[in-house]
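Written out below as structure tokens is the structure these notes cover.
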Protein chains: 2
Amino acid sequence: MSVIPDLLAANGRYAERFDKEELPAAPRRRVAILTCMDARLVPSRFLGLEEGDAHVICNAGGRATDDALRSLIISYRLLGTREFLVIHHTDCGAMSVDNEELWERLRRETGADASGIDFLPFRDLEASVREDVAAIRDSPLIPLTIPVRGFVYEVETGRLREVG
Amino acid sequence: MSVIPDLLAANGRYAERFDKEELPAAPRRRVAILTCMDARLVPSRFLGLEEGDAHVICNAGGRATDDALRSLIISYRLLGTREFLVIHHTDCGAMSVDNEELWERLRRETGADASGIDFLPFRDLEASVREDVAAIRDSPLIPLTIPVRGFVYEVETGRLREVG
């Protein structure tokens with residue numbers, strides 16, 4: 001049973017009451033958020049964002065990968081964002097990933113060699129936030145004038161806490 | 001003027017009425033969506049998603065990069081998603097990016113060499129959707145049993161249209 005018909009029906013209702021046709025591409029609040037793809041995290045809700053407010057970049061873990069850096073560079077150079085947030089979260093799937101186990105499982109289930117892929121697991125949540133904040137700060141392509149702040153989102157409470 | 005205090009105040013209000021503490025990590029609707037970080041796109045709104053429903057992966061352009069594939073592999077292998085959507089959009093910033101221009105600008109503004117980074121611009125919106133759907137389908141690490149459907153989101157109307 002596909003859920004796509006339901007999603008498209010919801011989109012039809014959204015489009016019927018749509019009144020955002022005049023929004024510019026540049027985020028109004030000049031902020032970009034890097035966070036996890038986790039289904040429990042809905043950044044627009046837990047940060048109070050409206051359409052047009054902020055760039056939201058999401059991957060497994062909310063990690064500062066080369067692709068996330070590509071996106072952040074486009075965000076600030078071409079679309080004028082001036083602050084970045086990195087948000088990881090409690091009970092993250094990336095905390096239970098083990099590269100070797102996953103490579104072995106993929107080899108067994110698909111026959112393909114995935115050992116070139118680092119799935120970017122982490123064990124220490126605060127350390128992973130600090131590491132990704134540092135990776136962004138250390139990029140020579142992102143100016144030091146851009147504040148980069150790190151947070152943990154608690155899936156148990158809906159609350160953000162800053163990682164100092 | 002930082003907008004972060006405003007975002008944290010909004011998060012405080014969200015946490016006060018939070019009632020999602022029991023949600024599992026596996027997306028309830030078993031779907032993963034790959035789309036653009038654009039501020040005008042709020043997937044939870046335009047697809048009618050609640051907390052816990054779906055993985056949402058976002059980068060500049062909604063491109064099927066190695067990092068997006070890493071996230072999709074984790075999504076279906078470890079967290080049970082069974083359908084993927086790729087959603088690009090009209091008026092996308094990636095349509096006005098030019099690699100050579102951006103490399104030159106970054107060299108001028110930061111002194112750093114960015115020429116190793118493909119910013120993944122595209123000119124033809126439907127073609128870019130088809131290309132990224134194909135990149136996911138062609139991955140030996142993603143089974144052919146997972147439907148991958150491509151869409152364009154119209155920022156002028158809020159409406160999705162499928163790319164066949």
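In the text below, chain A, chain B and the rest are named by the order of the sequence lines, each starting its count at 1. Note that this is a predicted model, so its numbers are computed, not measured.
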Report yes or no: do [X] and [Y] belong to one cluster of Ile/Leu/Val/Met/Phe/Trp/Tyr joined by side chain heavy-atom distances under 4.5 Å?
X       : Y       : answer
I57(B)  : V148(B) : yes
Y76(A)  : V86(A)  : yes
Y153(A) : M95(A)  : no

Chain A contact via [X] - which portion, at a heavy-atom distance below 4.5 Å:
X       : answer
V155(B) : backbone
D53(B)  : backbone
L102(B) : side chain
S75(B)  : both
R105(B) : side chain
I4(B)   : both
A25(B)  : both
L49(B)  : both
D118(B) : backbone
R149(B) : side chain

(request) Report, by ascending residue number, the residues of residues 156-164 of chain A in heavy-atom contact with chain B at a distance under 4.5 Å; give 'none' if the set is empty. (result) E156(A), T157(A), G158(A), R159(A), L160(A)
Side chain, backbone, both or neither: which part of [X] has an atom under 4.5 Å from a heavy atom of chain B?
X       : result
T35(A)  : neither
P24(A)  : backbone
L41(A)  : neither
I117(A) : side chain

(message) What's the separation between atom OG in S71(B) and atom CG in N59(A), rounded to the nearest 0.5 Å?
(response) 4.5 Å
(request) Supply the atom-to-atom distance L8(B) CG to L85(A) CG, rounded to the nearest 0.5 angstrom. (result) 7.5 Å
Top contributor to chain B contacts, counting heavy-atom pairs under 4.5 Å, from [options]:
options                        : result
E109(A), E154(A), R30(A)       : E109(A)
V42(A), L141(A), L23(A)        : L141(A)
R77(A), K20(A), R17(A), E21(A) : R77(A)
G52(A), A112(A), S139(A)       : G52(A)
A54(A), S44(A), P27(A), G48(A) : A54(A)
M1(A), R13(A), M37(A)          : M37(A)

(request) Under the ring-ring contact (aromatic ring centres under 6.0 Å, His included) rule, collect the residues that match up with Y14(A), sequence neighbours excluded. (result) F18(A)
Between [options], who has the most heavy-atom pairs with chain A when the cutoff is under 4.5 Å?
options                           : result
A114(B), A94(B), G61(B), C58(B)   : C58(B)
L120(B), L69(B), D38(B), L34(B)   : L120(B)
D91(B), L79(B), I73(B)            : I73(B)
I142(B), D113(B), I33(B), T110(B) : T110(B)

Main-chain N/O of [Y] paired with [X] side-chain donor or acceptor, under 3.5 Å:
X      : Y      : value
R40(B) : E51(A) : no
N11(A) : L47(B) : no
E83(B) : V3(A)  : yes

(request) Look at E50(B) together with R45(A) and state whether they make a salt bridge at an N to O cut-off of under 4.0 Å. (result) yes
(message) Please determine whether a side-chain nitrogen of the Lys or Arg among D6(A) and R29(B) lies less than 4.0 Å from a carboxylate oxygen of the Asp or Glu.
(response) yes
(request) State, without any angle test, whether D67(B) and T65(A) hold a side-chain donor-acceptor pair at a distance under 3.5 Å. (result) yes
